[in-house]
Amino acid sequence: MEGALSLIALVAVVVSAGVITVAAHFRKERVSELRHWADEHGWHYTEHHPRPLEEATLPLALRGRDPRVRHVLTGRRGAHLVTMYELSHSTPTAARRGTGRARHTHRVVAVHTPGTGGELEIRRRDLARTVSLDGRGGPEEVDRAFAEAFHTVSSDDRFARAVLDHGTVSWLLSDCRSRSLPVRFTSGHVMTWAAMRLDPDRALTAADYLIDLVSRVPDQAWERNTTGS
């Protein structure tokens with residue numbers, strides 16, 4: 001009996017060592033792939049970074065215990081500075097025996113904005129709901145359709161009004177990317193996030209959406225905040 005237990009313990013140790021070795025191999029391989037992508041595109045890669053977006057306020061979906069940032073890529077998309085990375089955190093979860101913690105991973109993509117601006121988050125209310133208005137129509141009709149389709153939270157009403165003018169609101173309603181890409185303006189960045197690992201090529205699609213959004217924000221949105229008026 002003791003011999004059988006010893007054998008089981010030995011097998012467990014060998015299996016655990018194998019799992020650790022394989023995991024380390026895949027981590028090393030992924031780091032190598034992302035470094036290669038960065039070199040090919042003229043970007044910079046950092047495996048670990050505590051605060052890649054400096055003092056940016058993250059949305060609730062990205063907040064949790066034991067946050068870890070990995071695989072940070074920074075570079076330019078045209079004239080725009082882009083940062084993209086993986087963020088993981090843990091949240092409590094019910095288990096059959098007691099409680100445990102589940103780890104969640106998100107891809108984060110951010111574009112630097114022309115000014116600091118205020119805090120403003122924009123996301124779809126119901127991803128399954130189709131908005132009949134395609135962005136065209138009078139101001140009242142567009143504003144009503146936007147209020148029905150999107151949820152917004154802002155720390156600065158003046159900044160929110162400047163960003164969400166008629167042209168930008170119409171574009172958000174008509175652009176299908178707004179269905180899957182929530183956005184947040186925060187501390188000189190506009191960012192979007194999704195529950196997935198970082199794939200640089202797919203992340204560039206999200207970066208293009210943010211760049212299109214920033215290009216539609218009127219200049220006075222930044223001027224109003226930088227001058228403090």
Residue [X] excluded, over 12 heavy atoms near [atom1] under 6.0 Å:
| X | atom1 | result |
| --- | --- | --- |
| R63 | CZ | yes |
| H104 | NE2 | yes |
| E40 | CD | yes |

Got a salt bridge between [X] and [Y], using NZ or NE/NH1/NH2 to carboxylate O under 4.0 Å?
| X | Y | answer |
| --- | --- | --- |
| D66 | R103 | yes |
| E121 | R123 | yes |
| E47 | R70 | yes |

Criterion side chain to side chain donor-acceptor pair (under 3.5 Å) on D165 and T168, from CA distance to verdict: CA-CA 6 Å; D165 69 350; T168 303; 2.9 Å; yes
Once you round to the nearest 0.5 Å, how far does [atom1] of [X] lie from [atom2] of [Y]?
| X | Y | atom1 | atom2 | result |
| --- | --- | --- | --- | --- |
| R202 | L204 | CZ | CG | 12.0 Å |
| L34 | D39 | CG | CG | 11.0 Å |
| E86 | D199 | CD | CG | 10.0 Å |
| T186 | E119 | OG1 | CD | 3.5 Å |
| H71 | W37 | NE2 | CH2 | 14.0 Å |
| T74 | Y85 | OG1 | OH | 12.5 Å |

Distance-only side-chain donor-acceptor flag, T46 / H44, under 3.5 Å: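 Yes - a donor-acceptor pair under 3.5 Å links their side chains.
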Check: R197/T105 side-chain N/O donor and acceptor closer than 3.5 Å: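 No, no side-chain donor-acceptor pair sits under 3.5 Å.
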Would you check if the side chain of [X] reaches a backbone N or O of [Y] as a donor-acceptor pair within less than 3.5 Å?
| X | Y | result |
| --- | --- | --- |
| H189 | S187 | yes |
| S154 | D156 | yes |
| S32 | K28 | no |

Side chain to side chain contact (heavy atoms under 4.5 Å, CB included) partner of M191, chosen from V109, L58, T57: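 Running side chain to side chain contact (heavy atoms under 4.5 Å, CB included) over V109, L58, T57 with M191 returns exactly one hit, L58.
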Parallel, tilted or perpendicular for [X] and [Y], by the 30°/60° rule?
| X | Y | result |
| --- | --- | --- |
| H106 | H89 | parallel |
| F185 | W222 | tilted |
| Y209 | W171 | parallel |

